[in-house]
Amino acid sequence: MLNQALAQALAEIADLLEIQGETPFRVNAYREAARRIAALATDIAEIHRAGQIRTIPGVGPSLAARIEEFLTTGRLAYLEELRRQVPPGLRDLLRVPGLGPKRAWQLYRHLGIAGVAELRAAVREQRLRTLPGFGAKLEAQLRRALEHWQDLAHRRPLGEALPLAERLSAALAECSAVQAVTPVGSLRRWCETVGDLTLLVASAEPAAVVQAFVSLPLARAVLDRSESGASILTEGGVPVALRIVPPEQYGAALLAFTGSAAHYARLCALAARRGYRLTTGGLIDDRTGRRLGGATEEEIYAALGLPWIPPELREDQGEIEAALAGRLPALVEVADLQGDLHCHSDWSDGAAALETMVQAAVARGRRYLAITDHSQSLGVARGLSVERLREQWAALADLQACFPQIRLLRGIELEIRPDGTLDYPDEVLRQCDFVTASIHSGFQQSRERITARMLAALAHPLVDAVSHPRGRIIGGRAGYELDLEAVIAAAARSGKALEINANPNRLDLDDRSARRAAEQGVPLLINTDAHAPGDFDLLRYGVAVARRAGLGPAQVLNTRPPEEFLAWLARRRRG
DNA sequence: GCCGTTTTCGGCCCGACTGTTTTCAGTCG
């Protein structure tokens, strides 16, 4: 399906036009069309064949022609033309907090800055302040933003790395010489960002696998190849390594390449204590020279007196002690999740109709769903006035009648306003089934003020949960200043839930914070924050955070069946 | 660039904050 590729191309056109100073409305037309196409449940090629391109909202004659060109030729001449005018690195500058299209273009025109590396040099040499409109404070702000950026320079968000690894693995599995293939490293441990992308393959015919790997359609260039492995650069410019081992060594290699280094070192030490040696080829008894295992991870763990430890826990954060004591937690799984308490529709900033979102949730087996569009003060997201909210309730009641298999909840993502007050009067909140509060404004406020806002929301009897508590965007902004410990303590006191936002760009709470919250008895929610039907599939990223936090289903509120969840809500509201 | 019981032009995208200014442009969510 080409929907995502097309959406990305249109979004890139929007960015490039914006950098060039094109009118915001034209830019927005491309951006909106990209969003709509990304949210489509049907293959765009099919819509095209049916002559229905123009029925997509936001697609007029001009965009229809571009879409047609893309679908018939696989190219977009307009985009290629724009790329010639605007250096590709300028798009990266847009992601640096404090820089937008105007400043990015100015940096390019006057200082020749066409990428993050050049920006970093210019900041270091204090050249930015020479530009009109730029000053020492902005320069300092950018310096801080770039420090955060530096940590991520060579790492990719999990939400980008995992789908790529899955596509490559699936393509490679087509090769008959491949007996098994697994992406290893921090990816297999579901770390929120991934440095090196490596695929591990079990095969008795490595040469055939290498050949298949370097011939993949996704491979743009071959960086390196040998008899037992290779490295390629993918279409998107991501380097990917391949390692091939014989099937009888597959488990030992999985263990070694999955890591973490600290976890693996502990295993090696455990092996040494028993007179064994753990290598990437297998577990060896040093006295007899006999191989004790190597084909599977399970047999190696077993030989060391341990149960198999899920990769998400392999960080040497107490999992080995827990395993030795037989206290390894039974981790929550995607299939355990019964409800989603955070999603949007096109009533606010979602890309799809209410009915489409409900259908998508039903199709994925969700048994309850809170529609939580934005509240009134969030103008940019078309936040709902009280009147519109009441209209939505009526629409929801109609939908409920059509979808008896899912319990629909009147929800709201309630803005905690910059002054700490909530965005609707109590009488409106009282009529909502589920209220999750969050912050999208006043990001620059002091730690004290933002913490006070959060605590005020948590103290309000009609607030049930807080969404994406840290406000961070992975690879984007660091999140506002916040005393998270105070927020966790307040949630524990008041019996309110904190969210693990499953969007791979957020993962907020993160695993460590979620673990601390759970330790204090705070109920956690794993929510997708879906803005389009396909976003419900992001659930697995949130589940991974919970698993890395060591959580079982009992600690995740929305693993409960609908009646139990509603009973929790009712109990909570009674106080 | 899209859209239209205000229908072929003129709206559409809000409001706050910040840093640079001397009345406002740029960015952000």
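The figures that follow rest on heavy atoms only: side chains count, while hydrogens, waters and symmetry mates do not.
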- Task: Please state the C1' separation for the pair dC12(B) and dC17(B) - nearest whole angstrom.
- Result: 24 Å
- Message: Roughly how many Å apart are dG11(B) and dA16(B), using the C1' atom of each and rounding to a whole number?
- Response: 24 Å
- Message: Within the structure provided, determine whether Leu524(A) and Leu509(A) are in side-chain contact (heavy-atom separation under 4.5 Å).
- Response: yes
- Check the distance between dG15(B)'s C1' and Leu378(A)'s CG and give it to me in whole angstrom. 10 Å
- Kindly confirm or rule out a cation-pi arrangement of Arg477(A) over Phe443(A), judged by NZ or CZ under 6.0 Å from the six-membered ring centre and within 45° of its axis? no
- Query: Can you check the Glu22(A) CD to dC13(B) P distance for me, whole Å?
  - Reply: 18 Å
- Inter-nucleotide C1' distance (dT27(B), dC13(B)), Å rounded: 14 Å
- Query: Could you give the CD-to-C1' distance, from Glu415(A) to dC28(B), as a whole number of Å?
  - Reply: 13 Å
- Identify whether any heavy atom of Pro61(A) sits under 4.0 Å from a base atom; if not, whether one sits that close to sugar-phosphate; answer base, sugar-phosphate or nothing. sugar-phosphate
- Return the orientation label for the His468(A) and His342(A) ring planes: parallel under 30°, perpendicular over 60°, tilted otherwise. tilted
- Query: For Asp419(A) and dG15(B), what is the distance between atoms CG and P respectively, to the nearest whole Å?
  - Reply: 16 Å
- Measure the distance from CZ on Arg54(A) to C1' on dG4(B) and round it to the nearest whole Å. 13 Å
- Message: Please report the distance separating the C1' of dT8(B) from the corresponding atom of dC2(B), rounded so that it comes out in whole Å.
- Response: 13 Å
- Item | Residue met sooner reading DNA chain B from 5', once Phe443(A) and Gly135(A) are mapped to nucleotides | Gly135(A)
- Query: Of all the nucleotides listed (dG1(B), dC13(B), dC17(B)), which has the minimum atom distance to the side chain of Pro24(A)?
  - Reply: dC13(B)
- Message: Is there a side-chain contact between Arg66(A) and the phosphate of dG1(B), meaning an N or O under 4.0 Å from OP1 or OP2?
- Response: yes
- Query: Taking only side-chain nitrogens and oxygens of Arg477(A), does any of them come within less than 4.0 Å of OP1 or OP2 of dG29(B)?
  - Reply: yes
- Task: For Leu99(A), report the nucleic acid contact type (base, sugar-phosphate, nothing); a contact means any heavy atom under 4.0 Å.
- Result: sugar-phosphate
- salt bridge (charged side-chain N to carboxylate O under 4.0 Å, His left out) contacts in which one or both residues fall within residues 427-439 of chain A, not counting sequence neighbours: none
- Query: Just wondering, do Phe25(A) and dC12(B) stack (centres under 5.5 Å, planes under 30°)?
  - Reply: yes
- Residues Glu80(A) and Arg84(A) bridged, charged N to O under 4.0 Å: no
- What is the distance, rounded to the nearest whole Å, between atom CD of Gln444(A) and atom P of dG29(B)? 9 Å
- Query: What is the distance, rounded to the nearest whole Å, between atom CG of Leu142(A) and atom P of dG26(B)?
  - Reply: 15 Å
- Task: Mind listing the closest non-hydrogen atom pair of Ile412(A) and Asp373(A) along with its distance?
- Result: CD1-O, 3.2 Å
- Task: Return the 5'-most residue of the pair Pro132(A), Leu94(A) with respect to DNA chain B, ranking by each residue's nearest nucleotide.
- Result: Pro132(A)
- Could you tell me whether Gly98(A) contacts a base, only the sugar-phosphate backbone, or nothing, with contacts defined as non-hydrogen atoms closer than 4.0 Å? sugar-phosphate
- Note on the structure: Of the listed dG1(B), dG26(B), dC13(B), the closest approach to the Lys102(A) side chain comes from dG26(B)
- Item | Rounded distance in Å between the P positions of dT20(B) and dC28(B) | 15 Å
- Counting any heavy atom closer than 4.0 Å, what does Val27(A) reach on the DNA or RNA strands: base, sugar-phosphate only, or nothing? nothing
- Closest listed nucleotide, where the reference is the side chain of Leu138(A) and the choices are dT27(B), dG1(B), dG19(B): dG19(B)
- Message: Over all strands shown, is Ala64(A) touching base, sugar-phosphate only, or nothing at heavy-atom distances under 4.0 angstrom?
- Response: nothing
- Message: Say we look at dG10(B) and dG15(B): how far apart would their P atoms be, to the nearest angstrom?
- Response: 24 Å
- Could you state the atom-to-atom distance from CD of Gln376(A) to C1' of dC13(B) in whole Å? 18 Å
- Message: Counting the atoms with a prime plus P, OP1 and OP2 as sugar-phosphate, which does Ser441(A) contact under 4.0 Å by heavy atoms, base, sugar-phosphate, or nothing?
- Response: nothing
- Task: Give none if dT8(B) has no partner; otherwise give the nucleotide forming a Watson-Crick or G-U wobble pair with it, both distances under 3.5 Å.
- Result: none
- Task: Look at the aromatic rings of Tyr368(A) and Phe565(A) and report parallel, tilted or perpendicular, splitting at 30° and 60°.
- Result: parallel
- In terms of side-chain heavy atoms of Arg103(A), which of dG26(B), dG1(B), dC28(B) is nearest? dG26(B)
